[in-house]
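Step one of this worksheet: look at the structure below.
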Amino acid sequence: MEQYEPGRLTATPRRGPRGRRPALTRRSLLRASAGGVLAVGGLGTLTACGIPPAGTTRGVTATTDHSDREKVVDFSNWPEYIDVDASGRRRPTLETFTRRTGIEVAYTEDINDNDEFFGKIKPQLAAGQDTGRDIIVLTDWLAARVIRLGWAQKLDPENLPNAFTHLAAQFRDPEWDPGHAYSYPWQGVSTVIAYNKKALDGVEVTSFSDLLDKPALKGRVGVLSEMRDTVGMTLLDMGKDPAHVTADDYDAAIARLRKAVDKGQIRRFTGNDYTSDLTRGDLAACLAWGGDVVQLQADNPDVGYVIPDAGIVTSTDCLLVPAGARHKTNAERLIDFFYEPVQAAALAAYTNYVSPVDGVKPWLAKIDKSAADNPLIVPDRTTAAKSHAFRSLSEKEAAAYEAKFAKLTGA
């Protein structure tokens, strides 16, 4: 099979679908890892720790693959980020994979923060050693960095026929991994505008400008403490594409947010804790993550959301095979398994995040029709066309951008 080509497509407490989201969610853990202090510190210490600068070691030497003799795959993921049955003890999709292939999945929920996890595995990666993991799930900005450093193994497209065929158009060609040579999406996370209809009390909200400018919302607006989401939504509202952000664009977006902060329009920068404020009506409107909104709507009919005409920011959590992994072929088979629409449907029904798998909708409808019809889980063409990714940043850019955002938020 040929390598996938850009633009080409050939075809925490547990919960179940529509259940209450746990207090500690995947996204609440994620937010700290890309934010102010951790990200700035992590970026600043890469070279100081003896790690080569990005771009100097791409093309890692092939590691001996023990997949034929060792029928196991070691999979590290975030908490509550894979389907679990009602008992909370079984993971049905992983059990199906093992029954079909004979490959046991050693599944560990040991990723609580991007930078923290990267700090845990980078000594082995820098030394060319096995991390003890065959698959890891990293957010796109860190996945890009790991690939630039040469610490991800190039995937064999022969082992990824489903991924090649069923990857949704929206996720086809990230600029930091053209053709998905090193990674495939696990789930997407969309940033939208959420509101409490009762708290709005008739105030119309259709754009991010409404949140930043309408006097009736003063002190009742929340924005996210994750830089790429809040600045990305600001850029889109200003007519700028975060996929092509320049230093001047970024400074203009920070200035726009600073004006809203200084006049008291923004109540606070939040992590996942916006959910309780929004439900109570302390926040009338805020930036929010799509998976949270789906859960909140199941419990509170006053919660709604807006996908602005200017667009939304969508980030991606990505599957990679780290350098030194012992079971690359087994890992590729597991990645490909989750690109079968029926398996992707089971995953999406549980997580409520954006499925990157084309053809998932009819299978998801058999589990939960409302989820299948929700563009926050299965984007329609209009939603997909409005989704924009924040471009990958160089180490220098990321440190500078995060520092400016931290100053804005007071972090």
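Since we're looking at a predicted model, the values are computed, not measured.
- For the 3.5 Å distance criterion, the side chains of D237 and T234 fail to qualify, holding no donor opposite an acceptor.
- Between the side chains of Y81 and E109, no donor N or O sits under 3.5 Å from an acceptor N or O.
- Every pair passing ring pair (Phe, Tyr, Trp, His ring centres under 6.0 Å) that includes a residue from residues 304-344 is listed here, sequence neighbours excluded: F97-F337, Y184-Y339, W186-F338.
- With a 4.5 Å cut-off on side-chain heavy atoms, I312 and T191 do not count as touching.
- No side-chain donor-acceptor contact under 3.5 Å links T270 and D273.
- Counting only residues at least two apart or on different chains, the ring pair (Phe, Tyr, Trp, His ring centres under 6.0 Å) pairs with a member in residues 370-404 are Y250-Y401.
- Inspection of the T275 and D292 side chains reveals no N or O donor paired with an N or O acceptor under 3.5 Å.
- A side-chain N or O of S76 and one of R133 form a donor-acceptor pair less than 3.5 Å apart.
- In this model, a donor atom of one side chain and an acceptor atom of the other lie less than 3.5 Å apart for W289 and D229.
- Within the model, atoms CD1 of I335 and CD1 of I135 stand 4.5 Å from one another, a figure rounded to the nearest 0.5 Å.
- Side chain to side chain, N300 and T279 fail the donor-acceptor criterion of an N or O pair below 3.5 Å.
- Taking 4.5 Å as the limit, every side-chain heavy atom of T108 sits out of range of all side-chain heavy atoms of N77.
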